[in-house]
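Everything below concerns the one structure shown next.
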Protein chains: 2
Amino acid sequence: MTAQLDQVFAALADPTRRRILAMLLEDDMAVTDVADPFEMSLAAISKHLGVLTAAGLISQEKRGRVKWCKLEPDALRGASVWMQGFGQMDAIDLDAFEVFLEHQLK
Amino acid sequence: MTAQLDQVFAALADPTRRRILAMLLEDDMAVTDVADPFEMSLAAISKHLGVLTAAGLISQEKRGRVKWCKLEPDALRGASVWMQGFGQMDAIDLDAFEVFLEHQLK
DNA sequence: CGTATATTCAACCAAATGGTTGACGTTTCG
DNA sequence: CGAAACGTCAACCATTTGGTTGAATATACG
């Protein structure tokens with residue numbers, strides 16, 4: 001449980017990986033296509049995808065010779081709930097509430 | 001901005017540091033008292049506190065010979081908002097909403 | 001003043017991280 | 001079949017991380 005949080009937060013601590021997650025928010029993608037906009041080797045991106053998969057933040061499914069990457073936003077829930085616990089110190093976390101509402105009403 | 005997220009998430013990725021934050025949720029504490037429940041050197045805890053301070057998650061103020069550590073929950077907001085962006089894929093984030101409500105009604 | 005308390009600093013160490021390159025297995029396509 | 005595309009693996013490297021210990025600094029106390 002705590003190890004799961006370790007992995008999720010550690011995965012999110014890298015800007016390349018956050019960018020990948022944002023890309024996958026748009027649509028599922030093949031590994032090669034994920035790597036395309038980055039100025040680093042395919043192997044490096046493959047490793048980043050491994051980290052994201054280990055954290056449960058994405059899943060990967062191989063169809064034919066291409067491996068599809070898919071966002072798994074549920075993995076963020078544990079981390080999100082943990083963080084919200086600290087909101088108790090705030091008078092009112094208006095920003096978070098606003099975002100929450102927007103997303104519920106959509 | 002992205003570097004700020006890097007630091008916050010990296011700081012949260014360590015269970016010792018998360019435990020420290022949870023302790024500070026109760027009350028402000030001196031460095032020595034923070035270190036007390038941990039089975040590691042004071043110097044190690046001091047380093048962890050340095051990481052948390054650099055990330056903006058806590059602040060430290062020296063009064064006399066003791067340095068007080070104080071939670072700065074606002075630093076979590078940027079990270080929280082970033083994460084909530086992925087909630088748009090969720091049906092409903094009930095857990096988070098419940099925590100939010102509890103904290104507002106307190 | 002001298003000593004104890006609170007905290008950091010510096011040097012060191014092992015392990016993890018983020019990247020590279022080159023070789024390798026699979027699957028598809030002509 | 002042979003070649004190209006997709007992706008991973010293995011070895012390597014530099015840097016960062018999380019911990020240690022021992023000395024150093026600053027403040028308080030008797």
Side-chain angles (χ1 to χ4, degrees), chain A residues 2-24 27-72 79, chain B residues 2-24 27-72 79:
Chain A
T2 178
Q4 172 68 11
L5 277 184
D6 286 13
Q7 283 186 283
V8 169
F9 282 129
L12 295 179
D14 186 282
T16 298
R17 287 192 292 258
R18 286 199 306 276
R19 218 174 123 196
I20 291 175
L21 290 177
M23 289 166 60
L24 293 178
D27 207 354
D28 298 358
M29 297 179 75
V31 172
T32 306
D33 294 334
V34 169
D36 205 49
F38 294 93
E39 288 178 344
M40 85 183 58
S41 70
L42 183 59
I45 296 295
S46 179
K47 280 193 193 180
H48 281 302
L49 291 172
V51 172
L52 290 170
T53 302
L57 289 164
I58 68 170
S59 59
Q60 294 183 282
E61 185 198 358
K62 190 170 180 184
R63 281 204 300 274
R65 68 178 161 180
V66 36
K67 201 165 180 178
W68 292 91
C69 304
K70 183 179 182 312
L71 195 63
E72 296 289 346
Chain B
T2 177
Q4 171 69 12
L5 276 185
D6 286 13
Q7 284 187 282
V8 170
F9 282 129
L12 296 179
D14 186 280
T16 298
R17 287 191 295 258
R18 286 198 307 276
R19 219 174 122 194
I20 291 175
L21 291 176
M23 290 165 58
L24 293 177
D27 207 353
D28 298 359
M29 296 180 76
V31 173
T32 305
D33 295 332
V34 169
D36 205 49
F38 293 94
E39 288 177 344
M40 84 182 60
S41 71
L42 184 60
I45 296 295
S46 179
K47 278 194 192 177
H48 281 302
L49 291 171
V51 172
L52 290 170
T53 302
L57 289 164
I58 69 170
S59 59
Q60 294 181 285
E61 186 199 353
K62 190 170 178 182
R63 281 203 300 274
R65 64 181 161 176
V66 35
K67 202 163 179 181
W68 293 91
C69 304
K70 182 180 184 311
L71 194 64
E72 296 289 346

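Sequence lines set the chain letters: A, B, ... in the order given, protein chains first and strands last, and positions in each chain run from 1.
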Open item on the list: With a 3.5 Å distance limit and no angle check, can you tell me whether B:Gln4 reaches the backbone of B:Ala55 through a side-chain donor-acceptor pair?
Closed with: yes

Open item on the list: Please check: side-chain N/O of A:Thr53 versus main-chain N/O of A:Leu49, any donor-acceptor pairing under 3.5 Å?
Closed with: yes

Task: B:Leu49 CG to D:dG19 C1', straight-line distance once rounded to whole Å - done: 15 Å

- [ ] May I have the distance from B:Arg17 (atom CZ) to D:dG19 (atom C1'), rounded to whole angstrom?
- [x] 12 Å

Task: First encountered from the 5' end of DNA chain C, between B:Leu42 and B:Lys47 - done: B:Leu42

Task: B:Asp14 CG to C:dA15 C1', straight-line distance once rounded to whole Å - done: 14 Å

Task: Donor-acceptor pair, side chain of B:Glu61 and main chain of B:Lys67, under 3.5 angstrom - done: no

TODO: Can you sort out the partners of B:Asp6 under salt bridge (charged side-chain N to carboxylate O under 4.0 Å, His left out), two or more places apart, ordered by chain and number?
DONE: A:Arg18

Task: Distance, rounded to the nearest Å, where A:Asp6 contributes CG and C:dA15 contributes C1' - done: 15 Å

TODO: Provide, to the nearest angstrom, the distance between the NE2 atom belonging to A:His48 and the C1' atom belonging to C:dT17.
DONE: 9 Å

Open item on the list: Distance check, rounded to the nearest 0.5 Å: A:Met23 atom CE versus A:Phe38 atom CZ?
Closed with: 5.5 Å

TODO: Using only side-chain N and O atoms of B:Lys67, determine if any of them is under 4.0 Å from OP1 or OP2 of C:dT8.
DONE: yes

- [ ] Could you state the atom-to-atom distance from CD1 of B:Ile20 to C1' of D:dG18 in whole Å?
- [x] 12 Å

Restricting both atoms to N or O, compile the protein contacts to nucleotides 22-30 of chain D shorter than 3.5 Å, with distance only.
residue : atom : partner : partner atom : Å
D:dT27  : O3'  : B:Arg65 : N            : 3.3

Task: Distance in angstrom units between B:Ile45 CD1 and D:dT17 C1', rounded - done: 15 Å

Open item on the list: Below the 4.0 Å mark, does D:dG7 have OP1 or OP2 next to a side-chain nitrogen or oxygen of A:Ser46?
Closed with: no

Open item on the list: With a 4.5 Å cut-off on side-chain heavy atoms, are B:Thr32 and B:Val66 touching?
Closed with: no

- [ ] Whole angstrom is fine here: how far is it from CG in B:Asp36 over to C1' in C:dT7?
- [x] 15 Å

TODO: Would you give the length of the straight line joining atom CH2 of B:Trp68 to atom CG of B:Asp33, rounded to the nearest 0.5 angstrom?
DONE: 6.5 Å

Task: Short side-chain N/O contact from B:Ser41 to OP1 or OP2 of D:dG19, under 4.0 Å - done: no

